[in-house]
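Only one structure is covered here, and it is reproduced in the block below.
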Amino acid sequence: MVGPLLLLQVASALAVMDDRVRPDQDILHYHLAVDIPATGREIRSSATVRYLVRGGRGPLVLDFDSVFVVDSVSVDGVVRQRGAGRWRVRGPEGWELRVPHWGNPGDTLEVVIGYHGRPRDGLLIQNNVHGERTAFADNWPSRARYWFPSEDHPSDKATVSFSVTVPPGWQVVANGALARMDTAGDGSGRTTWSWATRHAIPTYTMVIGAGPFAVTTLGTVAGVEQSLWTFRSDSAFAVEGPFRRAAQMVETFASLIGPFPYEKLAHVQASTRFGGMENSSAIFYSERAFAERSLTESTVAHEIAHQWFGDAVTERDWHHLWLSEGFASYLEPVFFERSGEVSAFHGSLEAKRRVYLASDDVNRPVIDTAVRDPFALLNANNYSKGAWILHMLRAEIGDSAFFDGLRTYYRALRHATALSSDFAEIMERYSRKPLDTFFRQWLLQPGYPKLEIAWRHREGTLALEIRQIQPAAWGVYEIALPLRVELAGGERIDLVVPVSARQEVFERPVEATPVSVVADPAGTLLMEAIVTPGR
């Protein structure tokens, strides 16, 4: 048991918030009206931003790229065309639009920004892998600012609605539910698709996808209607291949964690720099992976799991990204485990273990405030080690406490944001034992335990000498080490040895002659061990 001061230090470290945020304003809703042209890449758009004044004296500050011409800003219903461009300034983390509109704490205000220009990122208007013209948003981590003015950080979630006007023959998919579709009355054949969310989502998942799609209904399971939006030549592969169990995945995660958080779930073949992007209720998958038939069920399971963790429960600060990527990376193999494919579950975890052990990320902690670029946080710590932290926690506290705690964490913070301290507090409550050492070492220390275990058997006593040989910079780990002693005649003894120092010796009476000692036979610890008979 640790003292109150150390407990406070651990909790504080797990609650670190190092990102730059704007606490005086809280964006409540965006409405984005976007006109996608039939040729070229210049868009004409307007963004309506409704926000709550929390304090300070303003102005409203929105991240917004400098390539756009601001045509007008409407404040309190009054359109201001002159001077709006002068509200664009270079901020500490990129271009900002600072609208001089403020009120008293508790006031809800609204501005409407009209603008046009050619996005240089964020909204990709280009030919797809089959040479067809398309438009897709790709926002992660902070690239929404390249096509609409926003508080471009996951700590400020908001609801969003879209009105997207597209050329004839195109369809539009976006977050939330389809509200309506209108055809222009001018004979052009252009249509406007309106989508809206009921729940707040992180800005990095606010997306639209537009183009000539083939749309396939995958059915409704656990109250969730799923659909598949692909380019026409790729639709058959997707239905027969990686999405054949998409309904089962949603059903599995809903039973394990809680109800699916959104209005629907669309799976979309899209332009994205990632293999999959977990946009809330509208997951985008690499168009090339579709075309090359390389998209896997594991990717689909990973992105679906993100709907619960990352989207509904969102990391409040980028340095807690493991709450998103680690959770999806663990629930991905859990789907296969729950489907009876236990070997696939263990195989996936073993692959993640190898990825982590072979990476340079072993020399840095998971919560690493020295990293300033969110892209650099897409690393083995937040994915592979994050998954293993959950696997080890499950082994530490048992399935019942683990999944009960996970359900409570989801229920308590759904449609909100979280820090590692929030998760740790809930899991400790359900485990009914202190977990401060567990979370401190696995999230705040670099590396993992590297053990040398020497054993010998003399006069009915098994002696174990255990040394932690990991670099000094990684620190000493405290673990409950499972050992299996194989005896002559085929019998075995299972032991759990507490290890908390650089070098320790344990002795236990064992009458029969041991043949071998196996460290962590069930694979519940992220570690390396060399076991040798002593002399």
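Hydrogens, waters and symmetry mates are skipped; everything else that's a heavy atom, side chains included, is used. Every value quoted in this text rests on a predicted model; they were computed, and no experiment measured them.
Evaluation of the ring pair (Phe, Tyr, Trp, His ring centres under 6.0 Å) rule for Trp95 yields no partner, not counting sequence neighbours. By the side chain to side chain contact (heavy atoms under 4.5 Å, CB included) test, Ala344 is found to be paired with Phe336, Glu341, residues two or more places apart in sequence or in another chain being considered. For Asp19, there are no salt bridge (Lys or Arg N to Asp or Glu O under 4.0 Å) partners at least two apart in sequence or on another chain. For the ring pair (Phe, Tyr, Trp, His ring centres under 6.0 Å) test, no residue two or more places apart in sequence or in another chain qualifies with Tyr430. For Phe345, the ring pair (Phe, Tyr, Trp, His ring centres under 6.0 Å) partners are His391, not counting sequence neighbours. In this structure, the side chain to side chain contact (heavy atoms under 4.5 Å, CB included) partners of Pro482, at least two apart in sequence or on a different chain, are Asp520, Pro521, Thr524, Leu525. The salt bridge (Lys or Arg N to Asp or Glu O under 4.0 Å) search around Glu332 returns Lys352, not counting sequence neighbours.
Under the side-chain hydrogen bond (donor to acceptor under 3.5 Å, both in side chains) criterion, the residue pairs touching residues 468-481 are Asn363-Trp474, Gln468-Gln470, with sequence neighbours excluded. Residue pairs meeting the salt bridge (charged side-chain N to carboxylate O under 4.0 Å, His left out) criterion with at least one member in residues 381-399, sequence neighbours excluded, are Glu337-Arg394, Arg394-Asp399, Glu396-Lys433. The salt bridge (charged side-chain N to carboxylate O under 4.0 Å, His left out) pairs that include a residue from residues 294-314 are Arg244-Glu297, Arg245-Glu297, where partners are two or more places apart or lie in different chains. For residues 500-531, there are no ring pair (Phe, Tyr, Trp, His ring centres under 6.0 Å) pairs, not counting sequence neighbours. Sorted by first and then second residue, the pairs that involve residues 258-275 and meet salt bridge (charged side-chain N to carboxylate O under 4.0 Å, His left out), not counting sequence neighbours, are Asp121-Arg273.
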- Task: Check step by step if ring pair (Phe, Tyr, Trp, His ring centres under 6.0 Å) holds for Trp442 and Tyr448.
- Result: CA-CA 8 Å; Trp442 290 111; Tyr448 57 94; 8.4 Å; no
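Using a 4.0 Å cut-off between a side-chain N of Lys or Arg and a carboxylate O of Asp or Glu, Arg22 and Glu96 qualify as a salt bridge. Using a 4.0 Å cut-off between a side-chain N of Lys or Arg and a carboxylate O of Asp or Glu, Arg407 and Asp404 qualify as a salt bridge. Salt-bridge check for Arg484 with Asp494: passed, with a basic side-chain N closer than 4.0 Å to an acidic carboxylate O. For the pair Asp234 and Arg293, the salt-bridge criterion is met [side-chain N within less than 4.0 Å of a carboxylate O].
Of all heavy-atom pairs spanning Pro471 and Arg502, the tightest one is O-NH2, 3.5 Å. Pro261 and His199 make their closest contact through O-CD2, 3.4 Å (heavy atoms, listed as atom of the first residue, atom of the second, distance). Scanning both residues, Lys157 and Val313, for their nearest heavy atoms gives NZ-N, 4.4 Å. Here the closest heavy-atom approach between residue Ser324 and residue Tyr204 is recorded as OG-OH, 4.4 Å. Closest non-hydrogen pair, Pro141 versus Trp318, comes out as O-CZ2, 3.4 Å. Heavy-atom minimum distance, Thr205 versus Ser280: OG1-OG, 2.9 Å.
The main-chain N or O of Arg145 is found under 3.5 Å from a side-chain atom of Asp152 such that the two form a donor-acceptor pair. Of the possible polar contacts, none joining the Asp65 side chain to the Pro119 backbone as a donor-acceptor pair under 3.5 Å is found. Under the 3.5 Å distance criterion, the side-chain polar atoms of His320 are matched with a main-chain donor or acceptor of Ser420.
Screening Glu428, Met427, Met392 for a side-chain contact (heavy atoms from CB on, under 4.5 Å) with Ile397, the sole residue that qualifies is Met427.
Around CD1 of Ile469, the count of heavy atoms belonging to other residues, nucleotides or ligands within 6.0 Å exceeds 12.
The distance from atom NE2 of His319 to atom CG of Asn382, rounded to the nearest 0.5 Å, is 10.0 Å.
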